[in-house]
Amino acid sequence: MTLSLTNTLTRKKEAFAPLDPSDVRMYVCGPTVYDYAHIGNARPVIVFDVLYRLLRHLYGADHVKYVRNITDVDDKIMARAADEGVAIDDLTKRTADQYHADMAALGALPPSVEPRATEHIDRMVSMIERLIEKGFAYEAEGHVLFNVPKDADYGKLSGRSTDEMMAGARVEVAPYKKDPMDFVLWKPSEAKDPGWESPWGRGRPGWHIECSAMAEAHLGDTFDIHGGGIDLCFPHHENEIAQSTCAHGNDVMARYWVHNGYLQVEGEKMSKSLGNFITVNDLLEGWQGYGWPGEALRFNMLRTHYRQPLDWTLKGLDESHKTLWDWYGVVEGATADETPPAEVIDALSDDLNTPKAIAELHKLAQAKQGGALLASLQFMGFSGERAKLERRSTEADASGGVDEAEIESLVAGRAAARKAKDFAEADRIRDELVAMGVVLMDRKDPETGEVRTDWELAR
């Protein structure tokens with residue numbers, strides 16, 4: 001069977017042919033460790049975990065190398081550490097540990113290698129020196145910048161015009177830039193900030209050069225697959241390609257660029273200002289009255305094709321949990337077949353068509369083929385154990401003594417607070433409702449754009 005992937009670089013679905021079948025190499029952008037991972041961060045973890053499992057099946061577990069980095073030096077990390085009054089190392093360790101625990105709860109295998117940016121500073125400096133030597137970068141006022149006009153292929157990945165790229169990159173205006181599109185490779189650090197000695201003075205790397213250097217260190221100048229969320233396509237991945245190809249003198253950095261689509265919540269863009277910002281830990285520990293099992297979260301992600309936008313809803317999560325619960329009843333006591341049915345592998349090999357694979361699992365469940373269903377579930381990262389699907393109630397029993405008028409009043413008060421952009425008050429009312437065992441469902445009217453809130457009691 002042939003694996004096909006949609007390649008952002010060529011805008012086509014292509015048959016996958018690795019550079020070396022005995023050494024298949026994939027890089028996926030990992031977290032910047034300053035805060036809990038939100039569900040949008042979790043989507044690429046789950047998507048590329050499925051691809052990793054599939055590659056291991058097709059080429060052998062010992063012949064696939066999956067690199068997912070950790071960014072542990074960044075302005076956001078510095079700002080958060082300062083806000084909390086903690087050491088940067090303590091913050092990044094605590095956040096990375098939480099990230100590992102949350103991703104493991106989602107059934108994600110650890111990557112083959114998990115490099116940290118701070119462990120690769122020397123390689124970043126070396127790559128920057130090469131870019132300067134080749135005329136693609138320049139030093140200015142303690143900064144080193146990549147000179148975008150020098151790279152004739154810049155913009156090939158995103159396919160954007162210069163005006164679109166400038167708008168999308170939120171270009172920083174600086175008098176020392178030769179071109180507004182030029183981006184930072186190295187910047188000076190104050191004495192209180194993390195910094196390393198370099199030919200340009202004490203400083204720290206820009207975000208983009210970190211991934212180029214770590215990919216080079218662990219996968220070589222050119223490798224097979226680079227993955228991540230579509231939000232990273234520009235400018236991050238575009239800048240990675242520019243840095244790496246210009247430093248190495250290659251035409252491509254990675255041969256296949258694979259991007260998953262955006263995620264929204266109940267029909268709206270997820271944001272803290274809207275009060276619908278949800279972390280993986282929120283869901284695992286308690287969201288809308290329950291601590292949800294990680295396997296239900298994973299399944300809810302995979303019901304939508306990875307390239308399509310995903311609308312995260314309470315209704316969908318409930319449906320995902322119920323489907324898995326029913327399937328785990330079918331496989332109870334069964335012994336997994338040696339391999340999943342060919343139809344399941346074929347579906348996943350067709351550009352990771354998880355909805356089609358799930359349709360095949362439905363057929364196996366209906367036919368009561370427990371061994372084949374269990375093998376398929378385990379292949380896709382599910383245990384098949386009902387004990388791991390039990391939801392933990394995080395609120396008091398709300399089955400009696402409910403004052404519906406009070407609930408309606410609180411729901412109306414929350415809507416008024418959101419309309420007035422008093423999000424702190426809206427969050428306070430939401431938390432009060434959740435404590436009462438009320439499940440809120442915000443839905444946007446497609447015609448008016450207004451948000452209507454329905455509610456029900458947690459089951």
**Message:** Nearest 0.5 angstrom please: Asn260 CG to His305 NE2, how far?
**Reply:** 11.0 Å
**Asked** Just wondering, more than 12 heavy atoms not from Asp83 lying within 6.0 Å of its CG?
**Response** yes
**Request:** Determine whether Gln264 and Pro309 make a side-chain contact, defined as any pair of heavy atoms from C-beta on separated by less than 4.5 Å.
**Result:** no
**Least distance between heavy atoms, Cys211 atom then His236 atom** = SG-NE2, 3.4 Å
**Prompt:** Looking only at heavy atoms, which two atoms of Val265 and Leu263 are closest? And how far apart?
**Reply:** CG2-CD2, 4.3 Å
**Fill in**
By salt bridge (Lys or Arg N to Asp or Glu O under 4.0 Å), Asp350 pairs with (sequence neighbours left out) Lys13
**Message:** For the CD1 atom of Ile39 and the CZ atom of Phe277, what is their distance to the nearest 0.5 Å?
**Reply:** 9.0 Å
**Prompt:** Is there a donor-acceptor contact under 3.5 Å from the side chain of Trp292 to the main chain of Trp287?
**Reply:** yes
**Request:** Check whether any side-chain heavy atom of Pro235 sits under 4.5 Å from a side-chain heavy atom of Phe183, and report yes or no.
**Result:** no
**Tyr66: which of Tyr59, Phe48, Phe223, Tyr52 passes ring-ring contact (aromatic ring centres under 6.0 Å, His included)** = Tyr52
**Asked** Under the salt bridge (Lys or Arg N to Asp or Glu O under 4.0 Å) test, which residues partner Glu268, sequence neighbours left out?
**Response** Arg418
**Prompt:** Taking side chain as C-beta onward, heavy atoms only, is Asp224 less than 4.5 Å from Leu55?
**Reply:** no
**Request:** With sequence neighbours excluded, tell me which residues meet ring pair (Phe, Tyr, Trp, His ring centres under 6.0 Å) with Tyr256.
**Result:** Phe16
**Request:** State, yes or no, whether a side-chain contact exists between Thr354 and Tyr306 at a heavy-atom distance under 4.5 Å.
**Result:** no
**Trace of the side chain to side chain donor-acceptor pair (under 3.5 Å) decision for Thr32 with Asp74** = CA-CA 8 Å; Thr32 299; Asp74 184 85; 5.0 Å; no
**Request:** For the residue pair His120 and Met127, establish whether any side-chain heavy-atom pair is separated by less than 4.5 Å.
**Result:** no
**Prompt:** Partners of Lys356 by side-chain contact (heavy atoms from CB on, under 4.5 Å), sequence neighbours excluded?
**Reply:** Ala347, Asn353
**Lys269 NZ: over 12 foreign heavy atoms closer than 6.0 Å** = no
**Asked** Any sub-3.5 Å donor-acceptor pair from Asn300's side-chain atoms to Leu297's backbone N or O?
**Response** no
**Message:** Has Lys65 got a side-chain atom pairing as donor or acceptor with Val113's backbone, closer than 3.5 angstrom?
**Reply:** no
**Asked** How many angstroms lie between CG in Leu5 and CZ in Arg255, if you round to the nearest 0.5 Å?
**Response** 11.5 Å
**Asked** How close do Arg391 and Pro293 get, heavy atom to heavy atom, and via which atoms?
**Response** CG-CD, 3.6 Å
**Fill in**
For Asp151, the salt bridge (Lys or Arg N to Asp or Glu O under 4.0 Å) test, sequence neighbours excluded, returns none
**Item:** Steps toward side chain to side chain contact (heavy atoms under 4.5 Å, CB included) verdict (Arg43, Leu310)
**Value:** CA-CA 9 Å; Arg43 193 177 189 191; Leu310 190 157; 3.6 Å; yes
**Prompt:** Is there side-chain contact between Val258 and Leu352, with at least one heavy-atom pair below 4.5 Å?
**Reply:** no
**Request:** Quick one: sort the His237 and Trp257 rings into parallel, tilted or perpendicular, breaks at 30° and 60°.
**Result:** tilted
**Fill in**
Looking only at heavy atoms, the pair that brings Ser112 and Val64 closest together is OG-O, 3.7 Å
**Message:** Please determine whether a side-chain nitrogen of the Lys or Arg among Asp422 and Arg428 lies less than 4.0 Å from a carboxylate oxygen of the Asp or Glu.
**Reply:** no
**Expected output: side-chain Asp23 to main-chain His63 donor-acceptor under 3.5 Å** = no
**Val411 vs Val438 side-chain heavy atoms within contact, under 4.5 Å** = no
**Message:** Closer than 3.5 angstrom, by distance alone: can the side chain of Arg11 be matched with the main-chain N or O of Leu157 as a donor-acceptor pair?
**Reply:** yes
**Request:** With sequence neighbours left out, write down each residue that passes salt bridge (Lys or Arg N to Asp or Glu O under 4.0 Å) with Glu216, or none if nothing qualifies.
**Result:** Arg123, Arg130
**Prompt:** Hey, is the main chain of Ala117 close enough, under 3.5 Å, to the side chain of Asn69 for a donor-acceptor pair?
**Reply:** no
**Item:** Donor-acceptor contact below 3.5 Å, side chain Thr323 vs main chain Glu319
**Value:** yes
**Item:** Which residues share a side-chain hydrogen bond (donor to acceptor under 3.5 Å, both in side chains) with His143, sequence neighbours left out
**Value:** Tyr176
**Prompt:** Is there a side-chain contact between Ser349 and Leu54, using heavy atoms and a 4.5 Å cut-off?
**Reply:** yes
**Separation of Tyr154 OH from Asn239 CG (nearest 0.5 Å)** = 3.5 Å
**Prompt:** Salt bridge check: are Asp75 and Lys187 linked by an N-O gap of less than 4.0 Å?
**Reply:** yes
**Message:** Donor-acceptor pair, distance only, cut-off 3.5 Å: does the side chain of Ser212 make one with the backbone of Glu240?
**Reply:** yes
**Asked** Taking atom types as modelled, is there a side-chain donor on Tyr138 or Asp182 under 3.5 Å from an acceptor on the other?
**Response** yes
**Fill in**
Taken in chain and number order and not counting sequence neighbours, the residues that satisfy side-chain contact (heavy atoms from CB on, under 4.5 Å) with Ser198 are Val125, Trp186, Trp200
**Under 3.5 Å: donor-acceptor pair, side chain of Glu238, backbone of Ser158** = yes
**Request:** Classify the side-chain pair Asp318/His321 by whether it contains a donor and acceptor separated by less than 3.5 Å.
**Result:** no
**Fill in**
Those residues at least two apart in sequence (or on a different chain) that pass side-chain hydrogen bond (donor to acceptor under 3.5 Å, both in side chains) with Glu285 are Arg392
**Request:** Can you run down the ring pair (Phe, Tyr, Trp, His ring centres under 6.0 Å) pairs that involve residues 413-433, sequence neighbours left out, and say none if there aren't any?
**Result:** none
**Intermediate values then yes/no, salt bridge (charged side-chain N to carboxylate O under 4.0 Å, His left out), Arg298 and Glu295** = CA-CA 5 Å; Arg298 182 184 182 91; Glu295 297 194 12; over 6 Å; no
**Non-neighbouring partners of Arg25 that pass side-chain hydrogen bond (donor to acceptor under 3.5 Å, both in side chains), sequence neighbours left out** = none
**Residues that Glu84 engages under side-chain hydrogen bond (donor to acceptor under 3.5 Å, both in side chains), provided they are two or more places apart** = Arg94
**Asked** About how many Å separate CZ of Arg116 and CD1 of Ile70, when rounded to the nearest 0.5 Å?
**Response** 4.5 Å
**Any donor-acceptor pair under 3.5 Å from Arg414 side chain to Leu433 backbone** = no
**Fill in**
Nearest heavy-atom contact between Gly107 and Arg53 is O-NH2, 2.8 Å
**Asked** Is the CG atom of Asp97 crowded by more than 12 outside heavy atoms at less than 6.0 Å?
**Response** yes
**Item:** Gly195 versus Ser189, closest heavy-atom pair with distance
**Value:** CA-OG, 3.9 Å
**Item:** Reported NE2-to-CG distance for the pair His57 and Leu3, which is rounded to 0.5 angstrom
**Value:** 11.0 Å
